[in-house]
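Letters A, B, ... are given to chains in the order of the sequence lines, protein chains preceding strands, and every chain is numbered from 1. Bear in mind that the values here come from a model prediction, so they are computed numbers and not experimental data. Every heavy atom of this structure was used, including side-chain atoms; hydrogens, water molecules and symmetry mates were not.
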2 protein chains.
Amino acid sequence: MGIADDAVEIRAQGWRTLAAVHGIIETALEKALQREHGLSVVEFTVLDALSRQDGWHMRMQQLARAAALSASATTRLVTRLENRGLLTRILCADDRRGIYTELTPAGRALLEQARPLHDEVLRTTLDEAREIPELAGLAGFVGSVAATG
Amino acid sequence: MGIADDAVEIRAQGWRTLAAVHGIIETALEKALQREHGLSVVEFTVLDALSRQDGWHMRMQQLARAAALSASATTRLVTRLENRGLLTRILCADDRRGIYTELTPAGRALLEQARPLHDEVLRTTLDEAREIPELAGLAGFVGSVAATG
DNA sequence: ATCAATAAGACGCGTGTGCAACTAATGCAG
DNA sequence: CTGCATTAGTTGCACACGCGTCTTATTGAT
């Protein structure tokens with residue numbers, strides 16, 4: 001068992017840890033946001049992405065990348081949110097193939113209502129993860145070290 | 001904006017980064033494993049979990065926790081793998097409600113065949129993630145620092 | 001003027017998922 | 001031993017997703 005095999009095992013272990021922490025947070029977020037605000041995690045993510053693009057509009061493809069969704073899933077998701085009056089589609093003037101999406105006041109309001117719960121869940125689940133030895137390192141990293149961005 | 005608000009923003013940013021890296025890896029793994037070995041990521045995860053429990057059997061619930069799945073998803077996943085002859089259900093003698101699962105030789109063989117690809121995808125996607133400024137920190141952490149476990 | 005490429009939508013299909021309702025086995029209280 | 005809450009696992013139902021394919025509108029190069 002040489003150095004290469006160690007690296008393989010470290011990556012595998014790292015991925016398992018990453019998946020575990022991700023799963024814990026996502027499940028907790030899903031339940032809480034669904035229960036209190038009727039939002040799924042992806043829906044919140046999309047609204048959040050749009051809100052942080054303030055002043056700018058996002059095209060469907062950017063949205064798809066931001067939420068890690070396929071094109072068709074993005075279409076359907078935007079349609080759902082549009083039907084609920086949380087965002088609007090806007091044809092863009094310079095390239096009329098493109099479609100921008102923009103938060104409506106209602107969407108922005110719902111997002112702001114949901115933010116506190118979102119952060120609370122994040123905080124408590126990260127704290128819980130820190131209690132579990134295998135997850136403590138990553139949970140600490142995610143919760144404390146600013147992602148270099 | 002005080003210290004508390006900073007912490008909120010750091011957590012949110014950390015979660016976005018975590019979700020992004022997770023999504024990249026999972027998508028790449030899914031495509032590669034599906035294409036080459038007809039396995040989904042969860043299926044690989046379950047087989048891997050079972051193989052690392054060598055000598056011991058796992059109950060459905062443990063499996064569910066290990067793969068971050070619900071009970072019902074676990075039932076169906078095990079059924080699929082059982083139908084493909086990759087694992088077997090074993091009623092346990094002492095508590096006849098409980099069900100153990102065990103890899104078959106075929107399951108173990110398929111797992112070993114798939115491992116090299118699994119690691120290769122892990123390695124290349126982590127390398128790619130390191131090239132993206134916002135993800136570099138986390139990708140480096142996952143790929144290099146042994147998860148404390 | 002033509003034709004390939006691109007952005008997005010529509011739609012059917014198969015699949016995986018969570019929830020809630022259900023069955024069966026266990027174990028504890030009286 | 002009888003009743004009853006608890007636990008393990010399964011199943012019916014509805015829904016979101018990815019994929020593939022087709023369609024439409026627009027752009028840009030020849």
Side-chain angles (χ1 to χ4, degrees), chain A residues 19 22-36 38-47 57-84 86-102, chain B residues 19 22-35 38-47 57-84 87-102:
Chain A
H22 181 271
I24 291 172
I25 296 176
E26 173 144 60
T27 304
L29 271 182
E30 187 75 41
K31 285 184 186 167
L33 288 176
Q34 196 64 256
R35 175 167 38 82
E36 299 292 330
L39 283 174
S40 71
V41 174
V42 243
E43 288 166 350
F44 181 94
T45 302
V46 165
L47 296 183
H57 305 291
M58 284 184 95
R59 298 172 76 119
M60 298 295 286
Q61 287 188 328
Q62 301 176 280
L63 214 50
R65 277 204 314 122
L69 289 178
S70 70
S72 67
T74 307
T75 293
R76 282 187 271 249
L77 179 52
V78 167
T79 303
R80 281 201 302 276
L81 294 175
E82 191 180 27
N83 289 339
R84 288 172 61 182
L86 301 177
L87 56 79
T88 54
R89 281 181 164 94
I90 303 178
L91 293 169
C92 79
D94 48 323
D95 181 349
R96 294 198 338 227
R97 295 170 304 184
I99 293 187
Y100 291 142
T101 48
E102 198 180 51
Chain B
H22 180 271
I24 290 171
I25 297 176
E26 173 144 62
T27 304
L29 271 182
E30 187 76 42
K31 286 183 184 169
L33 288 176
Q34 195 64 255
R35 175 167 37 82
L39 283 173
S40 71
V41 174
V42 245
E43 288 167 349
F44 181 94
T45 303
V46 164
L47 296 182
H57 304 291
M58 285 185 92
R59 297 175 77 117
M60 299 294 285
Q61 287 190 327
Q62 303 175 278
L63 216 50
R65 276 205 315 122
L69 290 177
S70 69
S72 68
T74 306
T75 292
R76 284 185 265 251
L77 179 52
V78 167
T79 303
R80 282 200 300 277
L81 294 175
E82 191 180 29
N83 289 341
R84 288 173 60 182
L87 55 78
T88 54
R89 280 185 165 91
I90 303 178
L91 293 169
C92 79
D94 49 321
D95 180 350
R96 291 191 349 225
R97 295 169 303 181
I99 292 187
Y100 291 141
T101 49
E102 197 181 49

For residues 58-69 of chain B, which side-chain donor-acceptor pairs fall under 3.5 Å, sequence neighbours excluded?
residue  : atom : partner  : partner atom : Å
Gln62(B) : OE1  : Arg59(B) : N            : 2.8

Between [X] ([atom1]) and [N] ([atom2]), how many Å, whole number?
| X | N | atom1 | atom2 | result |
| --- | --- | --- | --- | --- |
| Gln61(B) | dT6(D) | CD | C1' | 12 Å |
| Met60(B) | dT23(C) | CE | P | 19 Å |
| Ile90(A) | dA8(C) | CD1 | P | 14 Å |
| Gln34(A) | dT17(C) | CD | P | 18 Å |
| Arg97(B) | dA8(D) | CZ | P | 6 Å |
| Leu91(B) | dT26(C) | CG | P | 11 Å |
| Asn83(B) | dT15(C) | CG | C1' | 15 Å |
| Asp95(A) | dA8(C) | CG | P | 8 Å |

[X] side chain near [Y] side chain, heavy-atom distance below 4.5 Å:
| X | Y | result |
| --- | --- | --- |
| Leu77(B) | Arg80(B) | yes |
| Thr79(B) | Arg89(B) | yes |
| Leu81(B) | Thr101(B) | no |

Looking at His22(A) and Ala19(B), what are the two nearest heavy atoms and their distance? CD2-CA, 3.9 Å
Smallest heavy-atom separation, Ala73(A) atom then Ser70(A) atom, equals N-OG, 3.2 Å
Which nucleotide in the list dA7(C), dA8(D), dT26(D) gets nearest to the side chain of Arg59(B)? dA8(D)
Looking only at the side chain of Thr75(B) (C-beta and beyond, no hydrogens), which of the listed nucleotides dA25(D), dG9(D), dG9(C) gets closest?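 Out of dA25(D), dG9(D), dG9(C), the nucleotide with an atom closest to Thr75(B)'s side chain is dG9(D).
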Can you give me the N/O atom pairs linking the protein to nucleotides 13-19 of chain D at distances under 3.5 Å, or say none if there are none?
residue : atom : partner  : partner atom : Å
dC17(D) : OP2  : Arg80(A) : NH1          : 3.2
dC17(D) : OP2  : Arg80(A) : NH2          : 2.9
dG18(D) : OP2  : Ser70(A) : N            : 3.4
dG18(D) : OP2  : Ser70(A) : OG           : 2.8
dG18(D) : N7   : Arg76(A) : NH2          : 3.2
dG18(D) : O6   : Arg76(A) : NH2          : 3.3
dC19(D) : N4   : Ser72(A) : OG           : 3.4
dC19(D) : N4   : Arg76(A) : NH2          : 3.2

Within the 4.0 Å heavy-atom criterion, would you say Glu30(A) contacts the bases, only the backbone, or no part of the nucleic acid?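 Answer is nothing: Glu30(A) stays at 4.0 Å or more from every strand.
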Identify, between Val78(A) and Thr27(A), the residue whose nearest nucleotide on DNA chain C lies closer to the 5' end. Val78(A)
Closest-nucleotide ordering on DNA chain D, the 5'-leading residue of Tyr100(B) and Asp94(A):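 The 5'-side residue here is Tyr100(B).
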Tell me if the side-chain of Arg96(A) makes a donor-acceptor pair with the base of dT26(D), cut-off 3.5 Å, by modelled atom types. no
With a sphere of 6.0 Å drawn around CZ of Arg96(B), does it hold more than 12 non-hydrogen atoms of other residues, nucleotides or ligands?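 Counting other residues, nucleotides and ligands, CZ of Arg96(B) stays at 12 neighbours or fewer.
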